[in-house]
A.B. asks: 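Just passing along the structure, written as structure tokens.
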Amino acid sequence: MPQITVSAPSAQKAFQGPVITAANLAKSYGDFTAVNGISFDVPAGESFGLLGPNGAGKSTTMKMIGGVSKRTSGELRIMGLDPDRNGPEVRAHLGVVPQQDNLDEELRVRDNLLAYGRYFGLPKSYLQPKADELLEFAQLTDKAKARVDDLSGGMKRRLTIARSLINDPKILLLDEPTTGLDPQARHILWDRLFRLKEAGVTLILTTHYMDEAEQLCDRLIVVDKGAIMAEGSPAALIREYSSREVVELRFGSERNTTVAAELNGIGERIETLPDRVLIYAENGEHALEAVGARGLHPLTSLVRRSSLEDVFLRLTGRSLVD
Ligand SMILES: Nc1ncnc2c1ncn2[C@@H]1O[C@H](COP(=O)(O)OP(=O)(O)OP(=O)(O)O)[C@@H](O)[C@H]1O
Ligand SMILES: [Mg+2]
């Protein structure tokens with residue numbers, strides 16, 4: 001039997017353990033607590049999401065990870081480093097896509113990438129080909145010489161993502177990568193983010209879109225008012241906090257509340273919202289038949305699979321998108 005030889009481990013050993021650890025992480029602005037003691041770990045290569053409504057503390061958490069906002073208390077490590085003490089080293093590992101695009105409007109598209117790379121002290125010989133590679137990746141090669149002002153919202157977002165990749169980061173922070181974009185522009189971005197994930201980049205993203213969280217996140221935390229309400233993969237969260245299917249019934253704005261009482265006992269749980277009544281059930285069609293059997297006739301009815309929106313509603317009693 002020939003001996004199998006194992007080659008020596010590379011000198012650049014990969015970082016061991018979770019690339020991000022947060023323990024009881026908190027941030028206050030004066031008397032106001034924006035992040036109220038959250039704990040999570042993110043292993044290398046994972047796509048990890050923070051899902052929550054406006055004001056949940058998502059951006060505040062991202063800014064602490066990115067080393068641009070100091071935590072009030074708790075522990076935080078990025079690749080073993082404390083962002084409050086080793087800011088520049090931490091930032092060298094990170095790509096950052098802030099909630100608001102902050103591109104240099106004075107500069108042309110490609111020059112935005114070059115200028116950003118110079119902040120990192122990267123040499124021109126590296127930056128020139130890297131900028132072209134990133135323009136290609138962001139599908140902006142045709143726009144290399146365009147003014148930033150003339151780009152669509154989706155293109156600006158792609159340029160911001162391209163810019164965040166200039167230093168070949170192992171971890172990418174994306175604060176609401178697709179908010180405000182039309183569905184087509186969102187799908188293009190999701191495709192690009194998938195590719196980064198496939199290339200082994202750890203993605204940390206915030207969103208208040210449940211479909212985005214379901215599409216992109218291996219695991220996520222549901223945050224509300226600065227606290228973690230639940231944690232798990234999208235599928236596990238749906239299994240834990242919702243039924244398999246949901247029936248959405250609309251009886252008209254006046255009747256939704258009054259009719260809900262007559263649905264008692266159908267399905268596992270009933271939620272009454274101002275515009276519709278939701279019946280949570282293993283089998284939506286059966287539940288819908290039971291509604292008809294009681295002589296109730298909604299104006300519209302829809303059977304669908306449970307989603308993270310239902311998880312959020314269950315956890316907070318509120319709808320995620322107001
Ligand atoms: N610099 C600041 N000073 C005072 N309060 C702040 C500051 N930054 C954020 N806050 C408050 O902290 C809370 C959390 O804000 P944060 O921006 O983290 O929320 P978010 O989850 O990112 O919300 P959104 O979905 O709207 O982006 C909000 O109530 C916000 O008003
Ligand atoms: Mg935010």
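Order of appearance sets the numbers: ligands from 1, and atoms from 1 within every ligand.
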A.B. asks: Return the residue, atom name and 0.1 Å-rounded distance of the protein heavy atom closest to atom 14 (C) of ligand 1.
C.D. replies: Gly55 O, 3.5 Å
A.B. asks: Against ligand 1, does Gly52 come closer than 4.0 Å with any heavy atom?
C.D. replies: no
A.B. asks: Number the atoms of ligand 1 from 1 as they appear, then name those within less than 4.0 Å of a heavy atom of Ala56, with their elements.
C.D. replies: 19 (O), 20 (P), 21 (O)
A.B. asks: Counting backbone and side-chain atoms alike, does Gln99 have an N/O/S atom under 2.8 Å from the Mg ion (ligand 2)?
C.D. replies: yes
A.B. asks: Would you call Arg294-Glu262 a salt bridge at under 4.0 Å N-O?
C.D. replies: no
A.B. asks: Considering only the protein, which heavy-atom contact is closest to atom 26 (O) of ligand 1, and what is its distance?
C.D. replies: Asn54 ND2, 2.9 Å
A.B. asks: Can you tell which of Asn24, Thr61, Asp82, Thr60 makes a side chain to side chain donor-acceptor pair (under 3.5 Å) with Arg71?
C.D. replies: Asp82
A.B. asks: Do Ile171 and Tyr119 belong together in a cluster built from hydrophobic side chains that touch within less than 4.5 Å?
C.D. replies: no
A.B. asks: What atoms of ligand 1 come closer than 4.0 angstrom to any heavy atom of Gln99?
C.D. replies: 27 (O)
A.B. asks: Name the closest protein heavy atom to atom 5 (N) of ligand 1, giving the residue it belongs to and the distance to 0.1 Å.
C.D. replies: Tyr29 CD1, 3.3 Å
A.B. asks: Is the backbone of Ala144 close enough, under 3.5 Å, to the side chain of Arg110 for a donor and an acceptor to pair up by distance?
C.D. replies: no
A.B. asks: Does atom NZ (Lys156) have a neighbourhood of more than 12 heavy atoms from anything else shown, all under 6.0 Å?
C.D. replies: yes
A.B. asks: Write out the residue and atom name of the closest protein heavy atom to atom 16 (P) of ligand 1, then the distance separating them to 0.1 Å.
C.D. replies: Thr60 OG1, 3.5 Å
A.B. asks: Quick one: pull up CG in Leu237 and CG in Leu51 and give me the separation to the nearest 0.5 Å.
C.D. replies: 9.0 Å
A.B. asks: Taking distance alone, with no angle check, do Ala34 and ligand 1 share an N/O pair under 3.5 Å?
C.D. replies: no
A.B. asks: Number the atoms of ligand 1 from 1 as they appear, then name those within less than 4.0 Å of a heavy atom of Glu176, with their elements.
C.D. replies: 24 (P), 25 (O), 27 (O)
A.B. asks: Numbering the atoms of ligand 1 from 1, which are under 4.0 Å from a heavy atom of Ser59?
C.D. replies: 17 (O), 18 (O), 20 (P), 22 (O), 27 (O)
A.B. asks: Between Glu198 and Arg195, is there a salt bridge with N-O shorter than 4.0 Å?
C.D. replies: no
A.B. asks: From Ser59, does some N, O or S atom reach closer than 2.8 Å to the Mg ion (ligand 2)?
C.D. replies: yes
A.B. asks: Counting only non-hydrogen atoms of the protein, does one fall under 4.0 Å from atom 9 (C) of ligand 1?
C.D. replies: yes
A.B. asks: Donor-acceptor pair, Thr206 side chain versus Glu176 backbone, under 3.5 Å?
C.D. replies: yes
A.B. asks: Strictly less than 4.0 Å: does any protein heavy-atom distance to atom 24 (P) of ligand 1 fall in that range?
C.D. replies: yes
A.B. asks: Taking the basic N atoms (NZ, or NE/NH1/NH2) and the acidic carboxylate oxygens, is any pair closer than 4.0 Å for Asp104 and Arg163?
C.D. replies: no
A.B. asks: Could Lys63 and Asp175 be called an ion pair, given the rule that one side-chain N must be under 4.0 Å from one carboxylate O?
C.D. replies: no
A.B. asks: Near Phe32, which atoms of ligand 1 are under 4.0 Å from a heavy atom of that residue?
C.D. replies: 11 (C), 12 (O), 13 (C), 29 (O)
